[in-house]
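Bear in mind that the values here come from a model prediction, so they are computed numbers and not experimental data.
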Amino acid sequence: MRAAVTRGDTAGLSAVVMRKGVLAYAVSIGMRDIDAGKQMQADTVFRIYSMTKPVVSVAAMILLEEGRLLLSDPVSLHLPELGGMGVFDPEQPDRPKPQAVEMSIADLMTHTAGLTYAGDPTDPVDRLYQKARLFRRGENIQDMVARLAGLPLKRQPGERFEYSIAHDVLGALVERAAGMRLGQFTAERIFAPLDMIDTAFEVPHDKVQRLATLYGPGEGGGLKILDEASHRSRWAAPVTLEAGGESLVSTVPDFLRFCEMLRNGGELEGAHILSRKSVELLTANRLSETQRSDLWMKGYGYGLGFGVLLDPALNANLGSRGEYTWAGSASTYFWVDPVEDMSSLLFLQLEPSSQLTIPRRFKALVHQALA
């Protein structure tokens, strides 16, 4: 890992391992801002992108435990404007087909809702989503839902796994069911009880100096800046778009507390967030073999916002059946291993995350060290 920083593959990184509730390893290497000469530190603030999804899934489960929603609820029960969404028909592009089975909250949480991330410019539905510009700076997540209502689904709900904006819709649904902004609900019900003091949908002015610079590969080699660690960053306060699929910032110590809460069955140091049965449900695979065929992580299934390791041999790396994980596109990564009673995190700020094999190497290094 030090060699990766020395080579210039990444500016810096921070990592931690907790086993059986005891700190086993913690390190911060390299720089969080090369130009400013700022070193990576334990309290460095990271853009965690899609690691927002497990947090919003926990928020939804809190509402389920309070009887405010059911996973089987149609999404339209809470977001009525989405009730009219048809399914794109390539034979009649202007006349979407009705949903065979209405999109449910469980479909959102498992990315089987028929939605898309619009990453394929050759796909007609992806092109419609791109043209709609669903996410706009200065607006909020309810504005996104209003625009989404005029678009078709890419496929029938429940048909296949497709990584998508589903958790952004879930975040909007949590807002409606809770009667407050997603940022307020997660702050009051998750972050404050767990003492996650640096986790939020924006970086306050007095914490911007701890934000890491976001880098990408330079055209002629080396690294280039994608997002500054300054008040010009899109994460710097004030932020109105609290997107449930990608918008949180956090630190390694903060997110470790979230992982440890899950590892402990929903509570940490007297803070009760979820029941043990809710954690079990969140982290159990829900995908059939057919649905799982579109999941790019070999050997994994998917629960309610978490990748779940089903076969370490197929994944071709060290690990345990039943461990659950997710990552962010700027190279932040965590996994919780119930078999080994362990939580592990590795945070970088390098996009895209596919640039490096550091997370897989880190995972192998952690597991080979187990007695």
Less than 3.5 Å apart, any donor N or O on the side chain of [X] or [Y] sitting next to an acceptor on the other?
X: T240; Y: N140; value: no
X: Y163; Y: S50; value: yes
X: R286; Y: Q291; value: no
X: S233; Y: S230; value: no

Main chain of [Y], side chain of [X]: is a donor-acceptor contact present, judged purely on distance under 3.5 Å?
X: R32; Y: G12; result: no
X: R19; Y: E340; result: yes
X: E267; Y: M261; result: no
X: S278; Y: L274; result: no
X: Y300; Y: T325; result: no
X: Q39; Y: M31; result: no

Inspect the contact between [Y] and [X] and indicate whether a charged nitrogen and a carboxylate oxygen are less than 4.0 angstrom apart.
X: R257; Y: D195; answer: no
X: E246; Y: R234; answer: yes
X: R68; Y: E66; answer: yes
X: E139; Y: R133; answer: no

Rounded to the nearest 0.5 Å, how far apart are [atom1] of [X] and [atom2] of [Y]?
X: D337; Y: M342; atom1: CG; atom2: CE; answer: 4.5 Å
X: D198; Y: L248; atom1: CG; atom2: CG; answer: 12.5 Å
X: S104; Y: L69; atom1: OG; atom2: CG; answer: 11.5 Å

Option among F46, Y49, F201 that satisfies the ring pair (Phe, Tyr, Trp, His ring centres under 6.0 Å) test with W235: Y49

Is atom CZ of R360 surrounded by more than 12 heavy atoms (other residues, nucleotides or ligands) closer than 6.0 Å? yes

Check this for me: E289, atom CD, are more than 12 non-hydrogen atoms of other residues, nucleotides or ligands nearer than 6.0 Å? no

Do the ring planes of F306 and F334 sit parallel (below 30°), tilted (30 to 60°) or perpendicular (above 60°)? perpendicular

